[in-house]
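Report on the following structure.
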Amino acid sequence: MTSRKLVIAIDGPAASGKSTTARLVAARLGYLHVDTGAMYRAFALKVLRRNIAIGDRQGIESLVAGTHVALALQGDVLRVFLDGEDVSDAIRSPEVSRAVSPVSGYPEVRRAMVREQRLLGAAGGIVMDGRDIGTVVYPDADVKFFMVAGIEARARRRQEELTGTGTAIPLEAVVQDIRERDARDAGRAESPLRRADDAIDIDTSALTIEEQVEIVLKAVSGILQERRKR
Ligand code: DC
């Protein structure tokens, strides 16, 4: 009997290692990886480009209706498209990082993105990472993970990521940025960052990427074995 492909949810705060882990797990399983943070970032970039004020709820909510965000794998790199334009590098800028948390807090923005995310996973075979995947997007996901890491480890990772895109930022500034974003993501009214009660916790502070991937794959393979027995 062939098992149905799973829906795997990975949530956690900024730079906790979720996206890299999700991408590699998806590659190993032959599943689709959806980085939902990248989707919100792409939309926040559009808001910035249109010069819409971050506090202009009506302006932002009406913009989302005519926006198309798509993800596509090129080789082993996930590319992000905003209305057909590849914005994979632009969405990692500090400006977008600052704007994305408030922009993603507007209810209509979340509704549009969550609708898209549910369509992407409708057939299973998906690894989706974000803040509310196990709680809101897929409360019935087959398996959920909640990844955390110490602030130092997270800041270092984000700094390396930024260096990779040609932006040099002092570590203290990255720490400050992540702290502010944590507070906003966890404190907002709409879909705040919250651990699902049935999530498996992974603290990635002292783990290598490969170790993180192995922990997730082991749990997934346990579930697949259970299913085959039924
Ligand atoms: O994972 P990331 O740092 O790229 O996410 C960028 C922002 O998007 C983050 O500050 C909060 C928001 N986000 C969200 O609200 N819900 C998600 N499912 C994913 C990200």
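One-based numbering, in listed order, for ligands and for the atoms of each.
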Could you tell me, atom by atom, which parts of ligand 1 come under 4.0 Å of a heavy atom of [X]?
{"X": "Gly130", "answer": "18 (N), 19 (C)"}
{"X": "Lys18", "answer": "1 (O)"}
{"X": "Arg181", "answer": "3 (O), 5 (O), 6 (C), 7 (C), 9 (C), 10 (O)"}
{"X": "Asp132", "answer": "16 (N), 17 (C), 18 (N)"}
{"X": "Asp185", "answer": "9 (C), 10 (O), 11 (C)"}

Look only at interatomic distance and state if Arg188 has a nitrogen or oxygen under 3.5 Å from any nitrogen or oxygen of ligand 1.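 Min N/O separation from ligand 1 is below 3.5 Å for Arg188.
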
Within the structure, does Asp35 bring an N/O atom to less than 3.5 angstrom of an N/O atom in ligand 1?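 No; every N/O pair is 3.5 Å or more apart.
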
Return the residue, atom name and 0.1 Å-rounded distance of the protein heavy atom closest to [atom].
{"atom": "atom 20 (C) of ligand 1", "result": "Gly37 CA, 3.5 Å"}
{"atom": "atom 8 (O) of ligand 1", "result": "Val100 CG2, 3.5 Å"}
{"atom": "atom 12 (C) of ligand 1", "result": "Ser104 OG, 3.5 Å"}
{"atom": "atom 1 (O) of ligand 1", "result": "Arg131 NH1, 3.0 Å"}
{"atom": "atom 19 (C) of ligand 1", "result": "Thr36 OG1, 3.3 Å"}

From the options Arg41, Glu190, Arg110, select the one whose nearest heavy atom is closest to atom 14 (C) of ligand 1.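 It is Arg110 that holds the nearest heavy atom.
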
Looking at [X], I'd like to know if its [atom1] atom is crowded, meaning that more than 12 non-hydrogen atoms belonging to other residues, nucleotides or ligands lie closer than 6.0 Å.
{"X": "Arg118", "atom1": "CZ", "value": "yes"}
{"X": "Asp201", "atom1": "CG", "value": "yes"}
{"X": "Glu210", "atom1": "CD", "value": "yes"}

Listed pairs under 3.5 Å, donor-acceptor, residues 171-178 side chains, sequence neighbours left out:
unit_1, atom_1, unit_2, atom_2, d
Gln176, NE2, Glu180, OE2, 3.0

Are the charged groups of Asp83 and Lys46 less than 4.0 angstrom apart, N to O?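 Salt bridge flag = yes for Lys46 with Asp83.
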
If you group Ile, Leu, Val, Met, Phe, Trp and Tyr by side-chain heavy-atom gaps below 4.5 Å, do Met128 and Leu73 land in one group?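 Yes, because Met128 and Leu73 connect within a single hydrophobic cluster, where side-chain heavy atoms sit under 4.5 Å apart.
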
If you link ILVMFWY side chains whenever their heavy atoms are less than 4.5 Å apart, which other residues fall into the same cluster as Phe146? By chain and number, please.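 Members besides Phe146, by chain and number: Val148, Leu193.
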
Are any non-hydrogen side-chain atoms of Tyr40 and Arg110 less than 4.5 angstrom apart?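 Counting from C-beta outward, Tyr40 and Arg110 do come under 4.5 Å.
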
Leu82 vs Arg49, side-chain contact (heavy atoms from CB on, under 4.5 Å): CA-CA, chis, key distance, verdict: CA-CA 12 Å; Leu82 170 65; Arg49 284 178 171 176; 4.2 Å; yes

